[in-house]
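One structure below.
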Amino acid sequence: MNQQEITGNLNSEQREAVLATEGPVLILAGAGSGKTRVLVHRIAYLIDVLGVSPGEILAITFTNKAADEMRSRVDRMIGFGADQILVSTFHSFCVRILRRNAELLGYSRYFSIYDGDDQLTLMKQIFKQQNTDSRMMKEKSVLAAISSAKDELVDPARFREINTDYYSTKVGTLYGIYQDRLRENNAMDFDDLIFRTVELFEKHPEVLDACQDRFRYLMIDEYQDTNTAQFRLVSLLASKYRNLCVVGDDDQSIYKFRGANIRNILGFEKVFPDAKVVRLEQNYRSTQNILNAANEVIRHNHGRKDKRLWTENEAGTRVALRRFEDGFREAEYVAAEIRKDVEERRFDYQDCAVLYRTNAQSRLFEEKFLMANIPYRIIGGINFYARKEIKDLIAYLKTVDNGNDDLAVQRIINVPKRGIGGTTVAKLSAYAEAGGISFFDSICEAREVMGLSSAAVKKLAGFAALIAGLRVKAESTGPAELLRNVIRDTGYEDELKAENTDEAEARLENIDELVSKAVQYEENAEEPTLSGFLEEVALIADIDSLDDSENRVLLMTLHSAKGLEFPCVYMAGMEEGLFPSRLSLDADDAEGEIEEERRLAYVGITRAKKKLTLLSARSRMLRGEMVSNTLSRFVREIPRELIDLGDEGGRGRTPVLRGKVGRDLRDAILKPYDSGEKFGIPAPSGSGTGGRLLSGTSGRGTGAAAASAGPASVDYSAGDRVRHVKFGEGTVLSMEDGGRDILVTVDFPAWGVKKFYAGFARLVKVD
DNA sequence: TATATAGTGTTTTTT
DNA sequence: ACACTATATA
């Protein structure tokens, strides 16, 4: 392809970004401005016009899915050599470098990668060993502190220098022990992958130099979400040839909790004064109404790079706002609406996505979609690789691959049950500790360990022989066949088969799936190895396994939705306390946290191409308790004229009774339990500029679907005295239809007014 | 040692 | 509502 063919159908800013190949470049790419397109064309230009060898190009993306997509698009465009381009995530890239140079850091090349669960297990062990009271100090918060430190390239020694208060001193100690234990286990956590690579580059300039010469052209996508360690990594790699192109949008920075440093993008021009800056502000994705709503929301943030997206697309329909009594009806509405849109051929299932702030919100939608027979897929939540049976089998593979991984060995030493219990494990641990050897080695020397019964020694010998056999097998075969051996030789499969329950059946299916993943890996990898398979398993993100050919509605968190787009988007739970989350509202830096949530709202809104529906519930079930929320500020920040409220006449709320609600309930329900207008959107304030939203308008959707089950039967009604296990005696104020059950409101003198579902509150009538 | 039960705490987003 | 932990018991 020549230059004309590559840049012909780009707009002038996009073209400028493609042609700026030498020196530092910052591309400020607004949502939907065709940034992936620019990157793909830029790579094609480098190769086809400038004659750069594909192997000299490194592109870092945020997810493996994005990497795959970019690679295949380049492939389609230039038709050859695209497989030579290294497109990968930060973490995969680092593992690649680290495997080759692990010895330089005192690691073996077979190091394990620890995920969050592994980290927690390890930290719990350390707490126990250090007699740290987990009621005073939480393992998770210590891990969070360690993670932030690593994101900032702060090692334990430095950490102790900077932090001298009581709590931090303790954390510093634990941090040091944690790092020692990781090293003893020949393991790295996610943050180490970045940190250790930086360490490698800084301590071994010859390795850095080789990498610099190998990767002369660097491109970093989603640059706004890089942390300090990643920034240092990029700076080091780019420092020789300076061909660094970063692409990002400060308005879409949503990973501060993971260490993302927004200064990396806001200050790029300070670090690289000669940087060329290109702004992509034309949006090709959304309708004008959707884009305007997004612009209006994000306008409320301070300290952003000034920009305003525009589009030549049609105005489209207004942004819909639908409000409901509770989460059940919110979900019901979405199910009914999607059903209608599909039946009337406006959209297909796969055109629709439901986005929410927390994974817990998915359950209601899942239930309603199941009932309405709507095909769906949930991204995130419980990761496939986090399931017990998968983690067990992976632990076997880790044990075979890396005998120093004590965590893995301890996980499976008695799975399936071999009669090796806690006491035996404790004795072995002590012996290993004293002799400075690994846990597995102590098993091999079981006869020398004081205090072990001959029966225990025998069992341990059996286990050691099992692993030895698998290791021999691993010499001559790939991960998939090895995995089959593990499943068979350990008795794992037999144990599950013997159980003969639905749950065991499901686990067996998951195991089959893991085997097929291993087979797939062997087919696709250039050089399949056991470490390679384990690494792929560790670094896979939920979103990576998304198959876009499935015709299903997608449900995921707003975070997971970054980088995706859908014709029809539902944003659920637009409520203060949920989105923005309570934690942000109460945080020390509430201002900053809310701005981050606002960016998340911006990301959500800009995912939509044609139709956007914002949803909120007046109250919802949260950890077994009913909580009331007001409408999210992010909705209120959208001007009234951009919003379609649906049932415009605003009859106010008219609770609709459904199904077989008893007559005695009716009176109670008709009494509003909340007199004020706090549910309503604030009336237009005097300030004239278009005003804000109307007040007192209700969403509809009540009675959208038939009630699925009659409410639980109870022997009390409004006015009665009842007893609750926790709250004691109280007076029933009202009872109403809560969708699947009766919603009871009770006034407890000591606790105030509480709401329950009759089914699970188990209230007892007091005479 | 393994399992059942009661009690406790949770409470965002993820590579 | 749910998961996890500590404790009691077989």
Side-chain angles (χ1 to χ4, degrees), chain A residues 60-67 88-95 113-117 119-121 124 128 134-135 138-140 144 147 150-151 188-194 222 225-227 229-230 253-260 355-361 363-364 379-383 385-386 388 414 416-425 453 455-456 459 535-544 556-562 573 577-587 593 596-597 599-601 603-604 620-627 725-726 756-757 759-761:
Chain A
I60 302 281
T61 55
F62 205 64
T63 61
N64 295 298
K65 182 174 190 301
S88 96
T89 64
F90 268 110
H91 291 90
S92 316
F93 173 73
C94 288
V95 173
I113 299 169
Y114 280 3
D115 67 11
D117 282 347
Q119 290 178 280
L120 196 59
T121 310
K124 280 182 176 163
K128 203 167 272 176
S134 64
R135 277 170 307 191
K138 291 269 166 279
E139 290 90 344
K140 275 194 182 148
S147 175
K150 290 183 181 177
D151 288 344
M188 298 194 202
D189 65 19
F190 287 132
D191 302 315
D192 281 340
L193 297 178
I194 315 287
E222 304 288 6
D225 285 319
T226 53
N227 61 34
Q230 291 165 334
S253 168
I254 55 172
Y255 281 102
K256 196 166 100 200
F257 72 94
R258 211 166 80 185
L355 310 181
Y356 36 75
R357 181 67 237 272
T358 65
N359 280 307
Q361 286 166 263
R363 254 196 54 196
L364 287 176
I379 309 290
I382 354 98
N383 189 319
Y385 294 101
K388 185 186 173 299
N414 200 28
K417 302 265 182 297
R418 314 189 162 85
I420 303 174
T423 11
T424 307
V425 170
S453 67
K459 288 174 198 160
E535 161 190 326
E536 187 164 293
V537 163
L539 297 180
I540 199 117
D542 293 312
I543 199 77
D544 293 335
M556 69 186 100
T557 62
L558 288 151
H559 281 90
S560 300
K562 192 174 77 156
L578 185 58
F579 186 35
S581 92
R582 179 89 266 141
L583 269 78
S584 302
L585 294 171
D586 296 344
E593 302 264 310
E596 170 118 341
E597 302 242 357
R599 290 191 288 271
L600 195 52
V603 166
R620 68 172 67 235
M621 216 43 152
L622 211 64
R623 348 178 258 284
E625 226 185 339
M626 207 66 172
V627 292
V725 238
K726 184 175 171 201
F756 310 96
Y757 278 110
F760 90 84

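In the text below, chain A, chain B and the rest are named by the order of the sequence lines, each starting its count at 1. This is a predicted model, so every value here is computed, not measured.
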Inter-residue atom distance A:L355.CG - A:M556.CE, 0.5 Å rounding
6.0 Å
Would you classify A:D189 as touching base, sugar-phosphate or nothing, given that sugar-phosphate means primed atoms plus P, OP1 and OP2, and contacts are heavy atoms under 4.0 Å?
nothing
Sugar-phosphate means primed atoms, P, OP1 and OP2; the rest is base. With that split, encode nucleotides 8-15 of chain B 5' to 3' as B, S or - using protein heavy atoms under 4.0 Å.
--SBBBBB
Side-chain donor or acceptor of A:E596 paired with backbone N/O of A:K256 under 3.5 Å:
yes
In chain order, what residues pass the side chain to side chain contact (heavy atoms under 4.5 Å, CB included) check against A:A541, with sequence neighbours excluded?
A:I543, A:D544
Rounded to whole angstrom units, what separation is found between the CD atom of A:E139 and the C1' atom of C:dT5?
11 Å
Tested for side-chain contact (heavy atoms from CB on, under 4.5 Å) against A:T89, the lone hit among A:I60, A:L539, A:N64 is A:N64
Nearest-angstrom distance from the residue atom NZ of A:K388 to P of C:dA3:
15 Å
Quote, to the nearest angstrom, the P distance that separates C:dC4 from B:dT13.
15 Å
Show the numbers, then the answer: is there a side-chain contact (heavy atoms from CB on, under 4.5 Å) between A:R258 and A:N227?
CA-CA 8 Å; A:R258 211 166 80 185; A:N227 61 34; over 6 Å; no
I'd like a table of atom pairs between the protein and nucleotides 6-10 of chain C - only N or O on both sides, under 3.5 Å - with the distance next to each one.
none

If the condition is side chain to side chain contact (heavy atoms under 4.5 Å, CB included), which residues does A:A67 pass it with, not counting sequence neighbours?
A:T61, A:V87
Answer with base, sugar-phosphate or nothing: what part of the nucleic acid does A:K124 contact at a heavy-atom distance below 4.0 Å?
sugar-phosphate
For A:Y255 and A:F62, take the angle between the two ring planes, folded into 0 to 90°, and tell me which bin it lands in: parallel under 30, tilted 30 to 60, perpendicular over 60.
tilted
Checking A:A386 now: which residues fulfil side chain to side chain contact (heavy atoms under 4.5 Å, CB included) with it, not counting sequence neighbours?
A:D117, A:N383
Report which part of the nucleic acid A:T424 touches: base, sugar-phosphate, or nothing (heavy-atom distance under 4.0 Å, all strands).
sugar-phosphate
List for me each residue that meets side chain to side chain contact (heavy atoms under 4.5 Å, CB included) alongside A:S147, sequence neighbours excluded, and say none if there are none.
A:D151, A:D191
Here the distance between atom C1' of C:dA1 and atom CG of A:L364, to the nearest Å, is 12 Å
Is any side-chain N or O of A:R363 closer than 4.0 Å to OP1 or OP2 of C:dA1?
no
